[in-house]
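Report on one structure; see the data block that follows.
Proteins come first, then strands; the chains are lettered A, B, ... in the order of their sequence lines, and each starts at number 1.
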Amino acid sequence: MALNLLGRPGAPLKTMASENEIAAYRLLVTCAGVESGPERCRRVTQAAGRICDWTNVADLAEAHGLAPLLHLHLQAAGVRPPQPVRRQLQGLTLRHRRANQIHVQALAEILPAFATAGIPALVLKGAALAHLVYGRPGLRPMRDIDILVDKVDAPRAQACLATLGFHAPLPLDGRLPGKHMAVARRADAGLIVSVEIHHNLFDAGYPASMELESAAGKPLCFRLWDTNFEACTLGYEVMLWHLCQHLTYNASVFHPARLIWVADVVAFAGHYAQAIDWHQIERRYPLVLNVLSLLDAMNPLPAELQEQTRLKRSHVAGIGRDFEGWPRSSLADQHRKGWSRILRDTFLPSPWWLRLHYGLGSRHSLFWHRWLIHPLHILCLAWQVMKTFPRSPVPRPPSIYEEHPR
Amino acid sequence: MTKTNNLAPLPPHSPAPPLLCSPAFLQKRPAPARDYQMELLDGEILLFHPSHLTIIHSNESGALIWQLCNGQRTVGNIVTLLQAAYPDSAAAIESDVCQTLELWREHGAIEWQ
């Protein structure tokens with residue numbers, strides 16, 4: 001759901017989101033975090049006060065993975081949306097809570113099975129973050145369970161899932177696919193539980209790469225809810241770097257960035273601000289500071305985190321204004337905008353989006369990315385389309401909204 | 001997208017629909033459909049399935065009826081138990097129970113054993 005949030009005064013409105021959509025998006029931005037202090041309550045109340053029509057707010061929140069957090073923060077701030085919206089948020093919160101319980105129960109079966117089989121494993125992303133920083137089941141919706149194992153163990157881990165009743169296909173040619181094995185699925189308590197066995201944090205061909213051996217330096221361990229089983233995930237710095245990579249990679253010309261990924265970065269960095277080695281971050285993972293500076297411009301970071309990171313706040317133009325050009329929408333879908341507008345949206349997207357997509361901080365110069373790197377990126381995509389014309393459209397990566405349908 | 005269905009509390013003295021509370025209906029044995037759960041959230045009682053879109057809002061009487069649906073008791077047994085526990089509302093209980101169960105059945109939340 002792409003929203004054009006910061007239209008310049010006087011700019012044509014034909015592709016602009018409505019004032020109400022902007023207000024709804026801004027409310028979600030203020031809810032993209034875990035703690036409910038007085039400052040957040042004040043901002044939530046203020047943002048909620050600008051919403052005239054609540055009809056689609058719960059759907060928008062769900063699309064961004066923020067329905068439980070929106071419900072939490074509205075309650076904490078004492079804001080009561082219209083009853084149908086409140087009930088929709090209640091329902092979504094309950095469903096995510098139950099779905100997470102089912103996911104964690106599955107994890108509590110999988111990890112001991114891996115341990116018995118001698119397969120070292122780290123829990124990635126949502127399942128780990130839900131325990132570590134969100135605190136209660138259900139606040140952090142999980143689509144699936146991501147587990148990182150060693151490359152040599154990946155087929156065995158997949159076979160192990162099959163013994164637990166998952167439909168866990170192995171590659172026919174015996175070669176390891178991309179970054180994870182085929183999604184393993186099993187029906188549990190009325191829900192399809194999906195598990196991805198990763199052997200690398202990133203796709204083959206992506207500039208970054210990390211396998212279990214280097215990712216497991218200083219793992220962060222936690223107890224699975226309602227069990228005595230201890231699971232481990234990436235260490236502080238690698239986790240934060242992975243979350244930032246995930247956010248920038250997915251804020252692409254194809255798909256919009258979901259605000260839950262923003263919440264993940266802010267919540268993790270804020271929760272472990274004291275424990276994170278910020279010198280190491282500065283030295284080895286500068287992307288993290290770049291992303292945090294952008295998120296700070298979007299919604300002020302907690303004071304403690306600002307203090308630790310020593311980020312200087314600076315204005316970023318076009319905050320929240322997503323990519324609106326080709327190939328996000330087909331040319332046919334955009335033709336009413338007119339060619340000049342299509343070209344501008346495609347080749348000159350908002351500075352905020354450019355910075356996020358290319359992992360640039362709020363203070364970096366945009367010159368090369370605006371005038372060379374991004375136009376070249378678009379031209380490469382166009383060339384790929386022309387090479388295969390008329391057989392295939394743009395080689396689009398799987399949408400995060402579509403890859404694991406429930 | 002989640003569709004929320006609101007089951008408003010039943011009016012206290014609504015006339016009993018003759019078909020719902022027929023002798024045959026009172027002999028049925030309701031049981032929760034697989035994977036449906038009732039939970040309390042923000043002081044409200046909600047009946048839901050983890051992968052279905054519909055959320056059914058209920059009230060305290062609904063929660064009691066849900067707890068009594070075990071596939072063994074008949075609708076008549078449930079009505080009798082509730083009438084014994086709430087003699088002041090005895091007249092309305094039969095129709096309340098029948099209407100609630102029928103609505104839950106329509107949503108797939110209960111099954112007849």
Side-chain angles (χ1 to χ4, degrees), chain A residues 1 54-64 67-68 70-72 74-76 78-106 136-139 141-143 185-194 401 404-406, chain B residues 1-12 14 30-67 69-71 96 99-113:
Chain A
M1 205 164 302
W54 284 81
T55 313
N56 295 319
V57 173
D59 289 338
L60 183 66
E62 178 63 1
H64 280 280
L70 175 62
H71 180 64
L72 173 84
L74 286 177
Q75 276 209 318
V79 176
R80 280 180 77 83
Q83 194 189 55
V85 178
R86 193 163 51 83
R87 293 197 152 177
Q88 199 177 353
L89 289 173
Q90 281 178 329
L92 289 165
T93 300
L94 263 189
R95 277 181 55 208
H96 286 303
R97 188 161 85 187
R98 180 67 188 132
N100 282 8
Q101 285 165 348
I102 294 168
H103 279 113
V104 172
Q105 282 161 9
R136 22 180 152 157
L139 273 189
M142 286 182 222
R143 292 165 183 273
R185 292 193 171 92
R186 183 178 81 177
D188 275 354
L191 189 81
I192 301 294
V193 173
S194 304
Y401 296 105
H404 306 307
R406 277 210 187 129
Chain B
M1 253 190 293
T2 297
K3 182 185 170 194
T4 305
N5 273 286
N6 172 14
L7 287 192
L10 297 171
S14 55
R34 198 174 165 187
D35 301 324
Y36 265 90
Q37 281 197 315
M38 185 170 268
E39 285 202 30
L40 185 71
L41 185 73
D42 315 330
E44 295 196 51
I45 295 159
L46 297 98
L47 186 56
F48 71 103
H49 184 283
S51 59
H52 292 182
L53 299 181
T54 307
I55 307 285
I56 305 169
H57 282 74
S58 190
N59 55 20
E60 285 176 21
S61 316
L64 273 176
I65 298 169
W66 180 257
Q67 284 164 7
C69 292
N70 62 0
D96 282 4
Q99 286 186 40
T100 302
L101 289 173
E102 182 54 21
L103 278 164
W104 286 352
R105 192 199 58 77
E106 282 171 10
H107 284 98
I110 58 163
E111 294 162 347
W112 304 129
Q113 295 294 300

key: Minimum heavy-atom distance B:Pro50-A:Arg95, with the two atoms named   = O-NE, 3.4 Å
query = Side chain, backbone, both or neither: which part of B:Leu40 has a non-hydrogen atom closer than 4.5 Å to chain A?
reply = backbone
remark   = Interatomic distance, CD@B:Glu44 vs CZ@A:Arg87, rounded to 0.5 Å, equals 4.5 Å
ask   = Listed by chain and number, what are the salt bridge (charged side-chain N to carboxylate O under 4.0 Å, His left out) partners of A:Asp188, not counting sequence neighbours?
value = A:Arg186
query = Heavy-atom distance under 4.5 Å between the side chains of A:His71 and B:Asp42, does that happen here?
reply = yes
Test item: B:Ser51 side-chain N/O and A:Gly190 main-chain N/O as donor-acceptor pair under 3.5 Å = yes
remark   = Rounded to the nearest 0.5 Å, the CD atom of A:Gln83 sits from the NE2 atom of B:His57 at a distance of 7.5 Å
task = Check side-chain hydrogen bond (donor to acceptor under 3.5 Å, both in side chains) between B:Glu106 and all other residues, then give those that pass, not counting sequence neighbours.
result = none
ask   = At what distance, to the nearest 0.5 angstrom, does CD of B:Gln37 lie from CD of A:Gln101?
value = 7.0 Å
query = Between atom CG of B:Leu46 and atom CG of A:Leu94, what is the distance when rounded to the nearest 0.5 Å?
reply = 5.0 Å
query = With a 4.5 Å limit on heavy-atom distance, are the side chains of B:Glu39 and A:Arg97 in contact?
reply = yes
inquiry  = Nearest 0.5 angstrom please: B:Phe48 CZ to A:Leu92 CG, how far?
reply    = 11.5 Å
